[in-house]
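Along the sequence shown, the residues carry numbers beginning at 1.
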Amino acid sequence: MTASEEERRVQDAVRRHARTRALAKVETVFSAVLSDPGVREARDRVEAAETKLGLELGARLRPFQHRYDQAAEEGDTDGLAGLCAGKHGRWGRICVLPDGHEASMEEPHWGRNGEGRPIAWVGSAPDDW
């Protein structure tokens, strides 16, 4: 290994180490913020409002849930591809409304949460409190 290759290897290792330390600090701060009683209370209030709205919209939007369930069961990729493009599934929620619904239908996202309850939410920010 040449001196320049060794220097590059060391610089890469230092960058990886710095990145790992920075991510660990960020995770510590996030954990502290999310464990704050005021933040937990706010999260609980938002979750209750989203659950209430999900139940209120349930009768009107249930056909979309049925279409999603059927497409998922049948492996209908075209049907699934036409759904909301928001990346809510990563946080335990999958919007079952058609792509573009927020503008055309003026509806919040709607689907089921990880426990299977109807839920409606606004925006696509991470919501995995």
### Query
Closest heavy-atom contact between Pro108 and His101?
O-CE1, 3.4 Å
### Query
What residue pairs, at least two apart or across chains, pass side chain to side chain donor-acceptor pair (under 3.5 Å) with a residue in residues 65-82?
Gln65-Asp69, Gln70-Glu74
### Query
By salt bridge (Lys or Arg N to Asp or Glu O under 4.0 Å), which residues pair with Arg62, not counting sequence neighbours?
none
### Query
Does some side-chain heavy atom of Phe64 sit less than 4.5 Å from a side-chain heavy atom of Pro98?
yes
## Note on the structure
Between Val96 and Leu83 the two heavy atoms that sit nearest each other are O-CD2, 3.3 Å
Please tabulate, for the side chains in residues 21-35, all donor-acceptor contacts under 3.5 angstrom to protein atoms that are two or more places apart in sequence or on a different chain.
residue	atom	partner	partner atom	Å
Thr28	OG1	Ala24	O	3.0
Ser31	OG	Glu27	O	3.0
Ser35	OG	Ser31	O	3.0
Ser35	OG	Ala32	O	3.0

### Query
Who pairs with Glu41 by side chain to side chain donor-acceptor pair (under 3.5 Å), at least two apart in sequence or on another chain?
none
#### Entry: Taking every non-hydrogen atom, the tightest pair across Ala72 and Leu80
N-CD2, 4.1 Å
### Task
Give a yes or no answer on whether the side chain of Trp110 reaches the backbone of Gly54 with a donor-acceptor pair at less than 3.5 Å.
yes
### Task
Please round to the nearest 0.5 Å and tell me the distance separating atom NE2 of His109 and atom CD of Glu50.
10.5 Å
### Query
Can you name the salt bridge (Lys or Arg N to Asp or Glu O under 4.0 Å) partners of Arg8, sequence neighbours left out?
none
### Query
Rounded to the nearest 0.5 Å, how far does CH2 of Trp121 lie from CG of Asn113?
9.0 Å
### Task
With sequence neighbours left out, write down each residue that passes side chain to side chain donor-acceptor pair (under 3.5 Å) with Arg60, or none if nothing qualifies.
Glu107
Counting only pairs under 3.5 Å, give me each side-chain donor-acceptor contact of residues 10-19, with atom names and distances, residues two or more places apart or in other chains.
residue	atom	partner	partner atom	Å
Gln11	NE2	Glu7	OE2	3.3
Asp12	OD1	Arg15	NH2	2.6

